[in-house]
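First comes the structure, then the notes that go with it.
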Amino acid sequence: MQESEKYLQALIKGDNKVILEIYNKFHPKVQAFILRNKGKQEDVQDVFHDALMYLIMKHKETPLQIASFEAYLFTICKNIWRSTIKNKKEWVMKDGVLPLVDKEDHLTSFILEQKHLEFYQEKFQLLSDNCKEILGNYFNGMSYEEIMSDLSYNSINVVRQRVFKCRAKIVKLIKADVRFKKLA
Amino acid sequence: MNSNQEDKMQEIIESYLNDVMSKEERTAFEDKMQEDKALKEEVLICKALQESFNENDWHKLDRDEETLKTMKGNLRSSEFQNLSKMIRETEQTYLKTKSRKPKLSRRYAYLGIAASIILFISIVFPFMFNNTLGDYYNEYEDWGDIPSMTEKGAEGVLNIETLYASKKYGEIISYYETNTEATDVLEPYSLMKVGFSYFHNDQYKEALETFDVLIKLDSLESSRGYWYKLLVYLKEENAMKAKETLSIIISNKNNHNYKEAVVLSKKME
């Protein structure tokens, strides 16, 4: 049996021996990541727990096909942590205090957000290589000038038009998908 | 809409998303979105895309309370609650086994005797053992021995490899410090190089912290972290910390440079 499948089955069945193996193998890297990114030890436990719960929910809904369990789990943990930080920031900005939230609240919002993200990523993959490169840089905050010199374009105007075309293309792909109506 | 108008519209959307419109322009555009649902949809998708693909950002949804409620209901079902409880319990088991310090095995007890003999000799023949920690450092430092990753790796790993090969230690540090989200710098071999770079630039505190991260990774190579910390302490001439670290290394013969540590700890007693 594939490693990923073994771990996913163990999670769904609640096989504590294999789950302990998951902790032993993958927890240290997640811990190092969160501690490096302004997190505390309690955050590590919560993120790891939520990530495993996420996998259970997701796999039960539609079986996951994962090539690398480690990479997938790590990405989920990373995304949960990013989303947590963002939430915390917004709460603090609003009224200076952290509100009481249900313990399921964060996980459920995260599941929805992750669903959107995966949907967008799927559509992104359908773009041409050139569009992926250009939009990838653009969404990551590169300026038109930087993209121009990086990808050897002649003028900013050309870059701008490519960005617009590619973005229009992905928007069209998203709108055409029935799942978009459900997500929106 | 012809292609020109299309471009114009994209430009307006962009100004809106980047928040560079005047207050009047903004209000006018928002009014327009209220009338034109397709436009509104387009703007929202563009916004979501921008946030979704930005490594430093996280796309936050308008809350769809209905779906959230259903999901919460699922999570509160006894099935999920039991799984959650089980995961928490396993977490506790994991944390307990992890914090249990490796015990000194009985077969190292003789080291104590050996050490006391050496102590005796060192009192009788002090000239033989007048090494300073700095001398030990010179004798044992093996930074050249840090392995390199030759296999195809993530971009960052290769980045650090290349910088390290050309001895650009300052650049390694700035790469490490600016890419806090990057996962590739958390590879054991990268961390060793980052740690060494700090050490090379006399930033001992940061070097020690980096080796701690390496140790926490719990990878096969993590015990090198203790050895490198030891080298830093020797260089700093911090005898107490050096001895503490040595005793961790010799508590497990699988640790990196175990034999060297045993010999060194005898010398230092």
Side-chain angles (χ1 to χ4, degrees), chain A residues 11-12 14 16 19-20 22-24 27-29 31-33 35-38 45 48-49 52-53 56-57 74 78-79 82-83 85-87 90 102-105 107-109 111-113 116-117 120-121 124 135-136 138-141 160-161 163-165 167-168 170-171 174-175 180 183-184, chain B residues 3 6-7 9-11 13-14 38 41-42 44-46 48-61 63-64 67-76 79-80 82-91 93-95 97-98 180-181 183 185-186 191 213-214 216-219 222:
Chain A
L11 284 169
I12 286 180
N16 52 9
I19 295 178
L20 185 60
I22 295 178
Y23 268 90
N24 280 322
H27 189 275
K29 194 168 172 183
Q31 169 172 317
F33 173 78
L35 294 183
R36 267 202 75 199
N37 288 283
K38 300 179 197 133
Q45 308 324 353
F48 206 80
H49 164 270
L52 297 183
M53 290 305 288
I56 294 174
M57 282 197 89
F74 193 82
K78 200 174 135 183
N79 287 350
R82 276 164 65 187
S83 144
I85 292 180
K86 182 145 188 177
N87 277 328
E90 278 180 9
D102 303 347
K103 62 180 177 191
E104 290 89 4
D105 201 67
L107 182 56
T108 43
S109 318
I111 292 172
L112 267 190
E113 285 159 5
H116 274 218
L117 185 62
Y120 295 141
Q121 273 165 349
F124 187 78
L135 277 189
Y138 173 75
F139 286 138
N140 261 308
R160 197 199 305 262
Q161 279 187 348
V163 167
F164 289 166
K165 287 255 156 28
R167 193 171 61 185
I170 189 173
V171 170
I174 289 171
K175 278 189 177 177
F180 169 67
L183 286 174
Chain B
S3 144
E6 176 64 37
D7 279 0
M9 189 40 86
Q10 291 284 344
E11 221 165 287
I13 294 177
E14 183 163 51
E41 221 170 57
E42 173 138 7
L44 288 179
I45 295 175
C46 288
L49 281 172
Q50 199 148 326
E51 291 177 349
S52 293
F53 289 110
N54 188 331
E55 269 287 308
N56 300 313
D57 209 342
W58 177 258
H59 164 53
K60 186 107 181 16
L61 297 175
R63 297 169 62 90
D64 169 5
T67 321
L68 286 177
K69 222 169 123 187
T70 325
M71 273 201 272
K72 257 189 240 179
N74 279 341
L75 275 175
R76 285 189 183 135
E79 186 195 358
F80 278 99
N82 286 340
L83 282 169
S84 165
K85 203 170 145 234
M86 212 278 306
I87 290 175
R88 288 289 189 192
E89 282 164 9
T90 313
E91 170 195 297
T93 318
Y94 163 76
L95 291 173
T97 43
K98 221 181 135 219
T180 52
E181 281 253 353
T183 55
V185 290
L186 293 176
L191 285 171
V213 178
L214 171 63
K216 280 199 193 110
L217 272 188
D218 246 5
S219 85
S222 280

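Every chain is numbered from 1, with letters handed out A, B, ... down the list of sequences.
Heavy-atom distances place the side chain of A:Gln161, and not its backbone, under 4.5 Å from chain B. With a threshold of 4.5 angstrom between heavy atoms, A:Ile170 approaches chain B through side-chain atoms but not through N, CA, C or O. Using a 4.5 Å cut-off between heavy atoms, A:Leu35 contacts chain B through its side chain alone, with no backbone atom that close. At a 4.5 Å heavy-atom cutoff, the contact between B:Asn74 and chain A is made by side-chain atoms alone. For A:Phe48, no part sits under 4.5 Å from any heavy atom of chain B, backbone or side chain.
The distance from atom CG of B:Leu95 to atom NE2 of A:His27, rounded to the nearest 0.5 Å, is 6.0 Å. For the atom pair CD of B:Glu41 and NZ of A:Lys175, the computed distance is 5.0 Å after rounding to the nearest 0.5 Å. B:Leu49 CG to A:His116 NE2: the interatomic distance, rounded to the nearest 0.5 Å, is 11.5 Å. In this structure, B:Ile45 CD1 and A:Arg167 CZ are separated by 11.5 Å, a value rounded to the nearest 0.5 Å. To the nearest 0.5 Å, the span separating CD1 on A:Ile19 from CG on B:Leu83 amounts to 7.0 Å.
Side-chain contact check for A:Ile22 versus B:Thr90: every heavy-atom pair is 4.5 Å or farther apart. At least one side-chain heavy atom of B:Arg88 sits under 4.5 Å from a side-chain heavy atom of A:Gln45.
B:Ser84 approaches A:His49 most closely through the heavy-atom pair OG-NE2, 2.8 Å. B:Gln10 approaches A:Ala168 most closely through the heavy-atom pair NE2-CB, 3.9 Å. Minimum interatomic distance between A:Met57 and B:Phe80 (heavy atoms only, all atoms of both residues): CG-CE2, 3.5 Å. Closest of all the heavy-atom pairs between A:Tyr23 and B:Glu91 is OH-CB, 3.4 Å.
If you tally non-hydrogen atom pairs under 4.5 Å between each of A:Val163, A:Leu11, A:Leu52, A:Ile56 and chain B, the highest count goes to A:Ile56.
Contacts of A:Asn24 classified as side-chain contact (heavy atoms from CB on, under 4.5 Å), with partners at least two apart in sequence or in another chain: A:Leu20, B:Tyr94. Listed by chain and number, the residues in a salt bridge (charged side-chain N to carboxylate O under 4.0 Å, His left out) with B:Glu11 amount to none (sequence neighbours excluded).
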